[in-house]
Amino acid sequence: MKYFLAKTEPSGYSIDRLEKDRVTSWNGVRNPQAVNFLKSMQKGDMVFIYHTEGQSCIVGLAEVIGNGRVDPIDAKSYLVDMKFIKKFKEPFVTLKQIKQTGKFKDFRLVRQSRLSVMDVPEEYLPELKYLGLDLD
DNA sequence: GCCAACGTTGGC
DNA sequence: GCCAACGTTGGC
């Protein structure tokens with residue numbers, strides 16, 4: 001089981017919306033590198049949901065529930081079905097905090113600010129838990 | 001709302 | 001296939 005992170009603008013699609021929907025097809029990603037990460041997702045993998053408006057922060061967790069597929073209405077885009085797992089308790093873990101620890105220097109979230117879907121290497125999980133993410 | 005950094009497009 | 005011009009993302 002692997003971890004990923006997917007960004008979204010909450011005014012477009014928020015964690016609250018995912019909680020209501022329960023299940024969604026994560027879509028609208030066209031950047032080739034981000035699409036590759038979507039393609040590497042497998043059933044059972046976990047996805048941190050990250051909001052990019054206002055204070056950038058990790059707001060929740062979703063789980064991949066099936067194989068991805070090319071978006072039927074946009075061949076350059078790729079879809080992955082996922083279900084709501086949880087919304088983290090506030091205060092959310094922010095990008096600022098993540099940068100301040102100094103332990104995420106090679107994390108794509110820090111290195112490639114415009115990448116909207118990425119892997120979260122296992123080595124970062126303990127530090128994310130330490131910052132307050134409840135992964136149980 | 002600005003703008004740096006990055007990605008994409010299209011003319012050559 | 002290069003690269004200038006343009007468009008977009010996301011942090012601030």
Side-chain angles (χ1 to χ4, degrees):
Chain A
M1 191 255 284
K2 291 184 172 177
Y3 282 87
F4 293 87
L5 181 146
K7 295 180 179 177
T8 183
E9 294 183 33
S11 60
Y13 195 88
S14 68
I15 188 70
D16 292 331
R17 180 72 194 284
L18 177 60
E19 183 170 18
K20 261 187 209 166
D21 291 348
R22 308 310 296 180
V23 165
T24 194
S25 294
W26 201 266
N27 64 1
V29 176
R30 297 185 72 172
N31 172 280
Q33 197 184 356
V35 166
N36 277 336
F37 283 118
L38 281 178
K39 286 182 175 174
S40 70
M41 290 181 184
Q42 293 185 311
K43 190 177 175 182
D45 287 345
M46 304 303 285
V47 184
F48 292 109
I49 306 300
Y50 177 95
H51 281 179
T52 59
E53 277 163 353
Q55 181 91 280
S56 303
C57 50
I58 300 174
V59 294
L61 198 60
E63 180 181 337
V64 178
I65 56 173
N67 291 327
R69 61 206 130 87
V70 172
D71 187 333
I73 57 166
D74 177 8
K76 287 186 179 172
S77 181
Y78 197 78
L79 298 178
V80 175
D81 294 323
M82 45 185 90
K83 69 175 180 185
F84 176 82
I85 296 294
K86 66 162 73 178
K87 182 177 174 179
F88 291 125
K89 290 196 178 71
E90 297 192 52
F92 297 128
V93 173
T94 65
L95 178 62
K96 192 178 172 190
Q97 283 178 281
I98 288 172
K99 285 179 170 173
Q100 275 173 352
T101 67
K103 295 187 176 172
F104 294 90
K105 290 244 165 62
D106 293 325
F107 190 18
R108 292 183 204 279
L109 189 65
V110 174
R111 279 240 163 141
Q112 291 177 262
S113 66
R114 295 183 57 193
L115 186 65
S116 62
V117 181
M118 67 196 73
D119 61 331
V120 179
E122 212 167 316
E123 57 183 295
Y124 295 128
L125 295 178
E127 195 62 30
L128 289 171
K129 281 186 192 173
Y130 179 75
L131 286 175
L133 292 192
D134 172 18
L135 301 185
D136 299 326

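Every chain is numbered from 1, with letters handed out A, B, ... down the list of sequences.
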Is there a salt bridge (charged side-chain N to carboxylate O under 4.0 Å, His left out) between A:K103 and A:E127? Walk through the geometry before answering. CA-CA 8 Å; A:K103 295 187 176 172; A:E127 195 62 30; 3.7 Å; yes
For the backbone of A:T94 and the side chain of A:Q97, can you confirm whether one donor and one acceptor N or O come within less than 3.5 Å of each other? yes
What is the distance from CG of A:L115 to P of C:dT9, rounded to the nearest Å? 13 Å
Scan residues 25-34 of chain A against DNA chain B and write down, sorted by residue number, each residue with any heavy atom closer than 4.0 Å; if none is found, say none. A:N31, A:P32
Got a minute to check which stems DNA chain C is part of, using Watson-Crick or G-U wobble pairs under 3.5 Å, three or more consecutive? B:1-12 with C:1-12
Could you check how far CZ of A:R108 sits from C1' of B:dA5, rounded to whole Å? 17 Å
Are OP1 or OP2 of C:dG11 and a side-chain N or O of A:S113 less than 4.0 angstrom apart? no
State whether the side chain of A:D74 and the backbone N or O of A:K76 hold a donor-acceptor pair below 3.5 Å, judged by distance alone. yes
Checking all strands, does A:K99 fall into the base, sugar-phosphate, or nothing category for heavy-atom contacts under 4.0 angstrom? sugar-phosphate
OP1, OP2 of C:dG11 versus side-chain N and O of A:K7: anything below 4.0 Å? yes
Would you indicate, yes or no, if C:dG11 has its OP1 or OP2 atom less than 4.0 angstrom from a side-chain nitrogen or oxygen of A:Y50? yes
Gap between atoms NZ and C1', on A:K96 and C:dG11 respectively (whole Å): 12 Å
Find the distance A:N36:CG to B:dG7:C1' and express it as a whole number of Å. 15 Å
Provide, to the nearest angstrom, the distance between the CD atom belonging to A:Q100 and the P atom belonging to C:dC12. 10 Å
Measure CD1/A:I98 against C1'/C:dG10 and give the value in whole Å, please. 15 Å
Considering all heavy atoms, the nearest A:L135-A:F48 contact: CD2-CE2, 3.6 Å
Gap between atoms CD and P, on A:E53 and C:dC12 respectively (whole Å): 15 Å
Nearest whole angstrom, please: distance from the P of C:dG11 to the CD of A:E9. 10 Å
Is it true that A:K86 and A:D134 have a side-chain N and a carboxylate O under 4.0 angstrom from each other? yes
Checking A:K39 side chain against A:G68 main chain: does a donor-acceptor pair fall under 3.5 Å? no
Could A:D16 and A:K20 be called an ion pair, given the rule that one side-chain N must be under 4.0 Å from one carboxylate O? no
Residue among A:N36, A:D71, A:V35 satisfying side chain to side chain contact (heavy atoms under 4.5 Å, CB included) with A:Y78: A:V35
Under a 4.0 Å threshold between the charged nitrogen and the carboxylate oxygen, would A:D106 count as salt-bridged to A:R111? yes
